Amino acid sequence: EVQLVESGGVVVQPGGSLRLSCAVSGFTFGDYTMHWVRQAPGQGLEWVSLISWDGRTTLYAGSVKGRFTISRDNDRNSLYLQLNSLRTEDTALYYCAKEPGPHYIYSAMAVWGQGTTVTVSS
Amino acid sequence: QSALTQPPSASGSPGQSVTISCTGTSSDVGSYKYVSWYQQHPGKAPKLMIYEVSKRPSGVPDRFSGSKSGNTASLTVSGLQAEDEADYYCSSYAGSNNLGVFGGGTKLTVL
């Protein structure tokens with residue numbers, strides 16, 4: 001069974017930093033592009049970032065570019081998102097998700113974790 | 001303001017069909033086959049229902065179907081069931097500078 005489990009969400013002050021993790025199982029992690037998607041309280045979905053299966057391609061939404069960094073460790077079956085220079089508008093539930101098929105840069109988000117909550121507040 | 005435009009609400013009675021639209025531009029929906037639809041029940045993670053305009057993942061009932069015409073994509077739910085009541089989001093690839101865009105979501109109510 002494919003499973004994605006996010007962790008690392010906390011309450012942090014504006015300007016602060018934290019790192020989110022996504023531990024995966026049930027599939028060959030090193031073959032799949034992975035995404036981060038967030039959802040602000042009571043709001044819709046916002047694509048945040050993706051990283052290709054081999055880590056060579058990373059892409060970001062304009063709202064987080066230069067502040068967030070996506071990475072992965074294929075040996076540890078783990079995905080990460082480093083969040084720096086946090087703003088109140090970054091407050092959201094952050095989901096990790098996998099592509100439907102191997103070696104696709106972008107098609108869709110086929111399987112989602114349950115999310116981890118980041119709250120940016122003073 | 002979301003990049004893709006969806007109606008905020010839609011409704012239908014059990015057994016009926018309902019179609020949800022998703023309007024983009026020639027820079028996203030109109031140019032790429034990477035349109036997807038997600039179902040989200042309250043307090044739950046989104047679930048992929050349709051990808052690449054009209055493909056259904058394994059396990060998604062064939063009551064759910066997708067299509068696209070020009071800059072507008074559509075999700076049709078046939079034979080509405082109570083468990084179909086949820087929020088539905090469309091998404092599209094939008095090119096390498098603005099990769100993934102979502103619609104604002106449509107709340108589907110089964111009357």
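Lettering of chains follows the sequences in order, A, B, ..., and the numbering in each one begins at 1. Quantities reported herein were computed from a predicted structural model and do not represent experimental measurements. As a basis for the values below, the full set of heavy atoms in this structure was taken, side chains included, without hydrogen atoms, waters or symmetry mates.
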### Query
Which of parallel (below 30°), tilted (30 to 60°) and perpendicular (above 60°) describes W112(A) and Y38(B)?
perpendicular
### Summary
Heaviest contributor of heavy-atom pairs below 4.5 Å to chain A, chosen from K47(B), Q40(B), K44(B), is Q40(B)
### Query
Can you get from V118(A) to V10(A) by hopping between Ile, Leu, Val, Met, Phe, Trp and Tyr side chains that sit under 4.5 Å apart?
yes
### Heavy-atom proximity to chain B below 4.5 Å, by part of V48(A)
neither
### Task
Under 4.5 Å, counting heavy-atom pairs only, tell me which of V37(A), L45(A), V111(A) racks up the most with chain B.
L45(A)
### Message
Give me the atom names and distance for the closest heavy-atom approach of A108(A) to S36(B).
### Response
CB-CB, 3.9 Å
### Query
Same cluster or not: are F27(A) and V5(A) linked, directly or through other Ile, Leu, Val, Met, Phe, Trp or Tyr residues, by side-chain heavy atoms under 4.5 angstrom apart?
no
### Query
Which pairs, with at least one residue in residues 78-98 of chain A and sequence neighbours excluded, count as a salt bridge (Lys or Arg N to Asp or Glu O under 4.0 Å)?
R38(A)-D90(A), R67(A)-D90(A)
### Query
Checking heavy atoms, do the side chain of Q39(A), its backbone, both or neither come under 4.5 Å from chain B?
side chain
## Note on the structure
Bottom line for I105(A): the part with an atom under 4.5 Å from chain B's heavy atoms is neither
### Summary
Cut-off 4.5 Å, heavy atoms of chain B, and the answer for L59(A) is side chain
### Task
Examine V2(A) and Y32(A) and state if one hydrophobic cluster contains both, with Ile, Leu, Val, Met, Phe, Trp and Tyr joined whenever side-chain heavy atoms are less than 4.5 Å apart.
yes
### Summary
Okay, Y106(A) and chain B: the region with an atom under 4.5 Å from a heavy atom over there is both
### Query
Quick one: ring pair (Phe, Tyr, Trp, His ring centres under 6.0 Å) pairs with a partner in residues 48-90 of chain B, sequence neighbours left out?
none
### Task
Could you tell me whether the side chain of W47(A) reaches within less than 4.5 Å of the side chain of S91(B), counting heavy atoms only?
no
### Summary
Turns out that what part of P57(B) lies under 4.5 Å from chain A's heavy atoms comes down to neither
### Query
Does CZ in R63(B) sit with more than 12 non-hydrogen atoms of other residues, nucleotides or ligands closer than 6.0 Å?
yes
### Message
Test of understanding: clusters of I, L, V, M, F, W, Y form through side-chain heavy atoms closer than 4.5 Å, transitively. Do V64(A) and Y80(A) belong to the same one?
### Response
no
